Amino acid sequence: MVPISFYLILAAVMFSIGAIGVVVRRSAIVVFMCIELMLNAVNLTFVAFSKLTGNLDGQVGVFFVMVVAAAEAAVGLAIIISVFRQTKSIETTEVAELKF
Amino acid sequence: MIVLFSIMALIVVVSALGVVLNRNPVYGALCLVANLLTVAGFFAMLDAHFLAAVQIIVYAGAIMVLFLFVIMLLNFKVEPRKGKGYAIEIFTWASGFVFAAVVARVFWGALRGFRGGQAEIMAAGAPGGIEGSVKAIGKLLYTDYLFPFEASSVLLIAAIVGALMLAKRKGTSQDTLAPSKPVR
Amino acid sequence: MFSGEHNRGVTPLFIEADADMEILILLIKLFVVFNVIMGLASICTWIERKGSALIQDRIGANRAGAEFDAPKFQTDNFALKPIFFGVNMALAAGFAAFKFAGILGLVNTLVCDGVKALTKEDFVPDGVSTFVHALAPFMAVFPVFVAFAIIPLAPEFTIGEYLIRPQVASINAGILFFLAMGSIAVYGVVFAGWCGNNKFALLGSLRATAQMISYELAMGMALVAVIVTYGTLDLYEMVQRQSSFSHWGVFTQPLTFLILFVVGMAETKRGPFDLPESESELVAGYFTEYSGMKFLVFWLGEFAEIALFALILTILFFGGWHIPFVQLPENAWWAALIGHGVLMAKVMFFCVLQIVLRWTLPRFRYDQLMNLGWKMLLPLSILNLMVYAGLRLGGVL
């Protein structure tokens, strides 16, 4: 039987790796993927706590987090595509100014 | 069971590091897919069967395909190495490590520090188990959480329309698939 | 992974009590299912080659293995003549059978193709990652093989004191797993096309991916209609609800069957939907740059997918292993064998149907294909779902 806290520790590690990725990486698409990583860590935490308390509300929360993540991925990728079309680059250091 | 958990946890951590450290975005996306599939396995181990299936269908099967489409179509360059100034990286890695260590210590201590029956609950979950079947979650979604459910459909429509409008090409434009020189 | 309610002698793998027997049963089930997959895929390959030949009014493969004549052994020793006669007869019979199989094209398809693929040079195009090039066939085939885990192959039967259900994994979210594996199958196509360093391959894979994810929507809606009608997600229970002939899925929900049939052919990129690998247009579509064993793996995966869809259609709509007006005793091992045979016969019918359809109908144009998926099948399947949900709410179903 795996203690529930192990899942929570794993989720924390995953979240911190994702957060590190968002700060350290310069390519917008990799930053995006690290955001998805953080969202997954949060999902894992929700489900672990749902099992801990015996309450299904945590799993319903995960469901809605997934819906929002899907919507955000679609819009974010569309933004990346438009930015790429304008400047031919998605490095965050190069599109830091608002003028093109 | 703990063996299975440790193998899957290793895969999760290694693939998460792969996403962060890989300079080629395609490999990073591949690592993220592996991560998502393993997290779906964790959901199944935590008795959230419906969520495991939805995680594979939605996250690994649709969102990551969208990511891969964009990465492959736009043909992003491999990120060049940074020439100098690694101070931000070092600081971020250090603080991330400290954060993870603090949280891990808190939850590890919770395993043993709780009084009474709390430690067992922390170890094994609520007594009576949990039923993460489609039926149970469906009941909750359509009764207690009906409004968020309907609102999320509005959100998805807004996202679809927004993505379409943002990614639309205006007038004549360069071909992003196969940029070719004009034939004269 | 296994739901706690399913304590039918196939207890969850992670309970320590009597784990050895459960692991042994599971391993035997895995072995049997793997053989079923490989057998079905190989037979489908053979039917495709010979059947396509017959449809196109040619003979097809009939040379390999058809030219061997049995050797005849002679002896002058009178005492040994009967033995030699017997041996000669046995050899003649064996070689005659082999020759018959050769004339039928079986040797060509099953033996020669495999040997050819194994011995061909396996090249990786320049400038392409070897890892992803090797990963693509794996990701194309893996979901198909794994999806066979939820498919029940025969009714339950008892051996000794164990009640065995011939389903490798009877998980809680039964048919959702099939949908999930359909979503994963897209990756093989995406990577195969991208890994070619070749515009034709990339174009083929983009078309294939767009086609697959478009038809996945209609498939999801149609499957939800099926779930609503049967009231369960587990495939075994769905077959058990079709025990009488009038309760077969094809009679209670004919439109869903039609939708799923069309969607199945589109998902496997077969039949009139084979634009991604359109042999006359795009060289070989998204697997242009694959040769040898990797190509064979893709090919095998495609035929395994045909068998998978035939199985799904049979289980959901055609009563699985139930014979129309015959009631076999429950839990008898020979009833399970007969049931399995009936299931395989129905599956063969659908495999042959898909293969004949592929060689009969001309293929769709890309915009016609997208039109069909988005503008016709998706609204139709949503309406279908609403009708069946209404019937269920009204208490009719």
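Values in this document were obtained by computation on a predicted structure and should not be read as measured data.
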OG/S6(B) to CE/M1(B) distance, rounded to the nearest 0.5 angstrom?
11.0 Å
Cut-off 4.5 Å, heavy atoms of chain A, and the answer for L66(B) is both
Most chain A-contacting option - heavy-atom pairs closer than 4.5 Å, from C31(B), A159(B), A101(B):
A159(B)
Quick one: what part of M33(A) sits under 4.5 Å from any heavy atom of chain B, side chain, backbone, both or neither?
both
I would like to know whether N40(A) and Q55(B) meet side-chain hydrogen bond (donor to acceptor under 3.5 Å, both in side chains); could you show each step before the answer?
CA-CA 10 Å; N40(A) 265 290; Q55(B) 164 97 346; 2.9 Å; yes
Part of V31(A) within contact of chain B (heavy atom distance under 4.5 Å)
neither
Please classify the contact of E91(A) with chain B as side chain, backbone, both or neither, using a heavy-atom distance under 4.5 Å.
side chain
Restricting to pairs with a member in residues 28-78 of chain A, which pass ring-ring contact (aromatic ring centres under 6.0 Å, His included), not counting sequence neighbours?
F32(A)-F67(B)
Is D144(B) close to chain A through its backbone or its side chain, or both, or neither, when contacts mean heavy atoms under 4.5 Å?
neither
Checking heavy atoms, do the side chain of V54(B), its backbone, both or neither come under 4.5 Å from chain A?
both
Heavy-atom nearest pair, I71(B) first then P25(B), reads CD1-O, 3.7 Å
Option that, when pairs with chain A are counted at under 4.5 Å, heavy atom only, ranks first among V58(B), L166(B), V102(B):
L166(B)
Chain B contact via A11(A) - which portion, at a heavy-atom distance below 4.5 Å
neither
Shortest non-hydrogen contact from D47(B) toward K51(A)
OD2-NZ, 3.5 Å
Please look at V60(A) and chain B and tell me whether the side chain, the backbone, both or neither of the residue comes under 4.5 angstrom of a heavy atom of that chain.
side chain
Heavy-atom check, side chain of N55(A) versus side chain of S50(A), under 4.5 Å:
no
Quick check on the 6.0 Å ring-centre criterion: do F6(A) and F107(B) meet it?
no
Contacting moiety of D57(A), where chain B heavy atoms sit under 4.5 Å:
both
Looking only at heavy atoms and a cut-off of under 4.5 Å, which of V30(A), I17(A), V68(A), V22(A) has the most pairs with chain B?
I17(A)
Checked A136(B), G28(B), P148(B) vs chain A; the most non-hydrogen pairs under 4.5 Å come from P148(B)
Assert top hit (heavy-atom pairs under 4.5 Å, partner chain A, pool V39(B), L155(B), L141(B)) equals L141(B)
Heavy-atom pairs under 4.5 Å with chain A, option from I160(B), N35(B), V106(B) with the top count
N35(B)
In terms of heavy-atom contacts, does CZ of F91(B) have more than 12 from other residues, nucleotides or ligands at under 6.0 Å?
no
Heavy-atom contact with chain A under 4.5 Å, split by part of I2(B):
both
In Å and rounded to the nearest 0.5 Å, what is the SG to CE distance from C34(A) to M38(A)?
7.5 Å
Among G58(A), A73(A), G54(A), single out the residue with the greatest number of heavy-atom pairs under 4.5 Å to chain B.
G54(A)
Using only atom types and a distance under 3.5 Å, with no angle test, would you say the side chain of T38(B) pairs donor to acceptor with the backbone of V12(B)?
no
Side chain, backbone, both or neither: which part of Y7(A) has an atom under 4.5 Å from a heavy atom of chain B?
both
Part of A48(A) within contact of chain B (heavy atom distance under 4.5 Å):
both
Does a sphere of radius 6.0 Å around CG in L164(B) hold more than 12 heavy atoms from other residues, nucleotides or ligands, not counting ones at 6.0 Å or beyond?
yes
Does atom CZ (R26(A)) have a neighbourhood of more than 12 heavy atoms from anything else shown, all under 6.0 Å?
yes
So, do E89(B) and V23(A) sit near enough that their side-chain heavy atoms are less than 4.5 Å apart?
no
Separation of I88(B) CD1 from W93(B) CH2 (nearest 0.5 Å)
14.5 Å
If I measure from the heavy atoms of chain A, does A62(B) come under 4.5 Å with its side chain, its backbone, both, or neither?
neither
Segment of L36(B) engaging chain A (4.5 angstrom heavy-atom cut-off):
side chain
Contact part of I79(A) toward chain B, heavy-atom cut-off under 4.5 Å: side chain, backbone, both or neither?
both
Max heavy-atom pair count under 4.5 Å with chain B, selected residue of I9(A), I20(A), V24(A):
I20(A)
Just wondering, more than 12 heavy atoms not from I157(B) lying within 6.0 Å of its CD1?
no
Among I63(B), V103(B), L46(B), which has the most heavy-atom pairs under 4.5 Å with chain A?
L46(B)
Is chain A contacted by the side chain of F99(B), its backbone, both, or neither, given a heavy-atom distance below 4.5 Å?
side chain
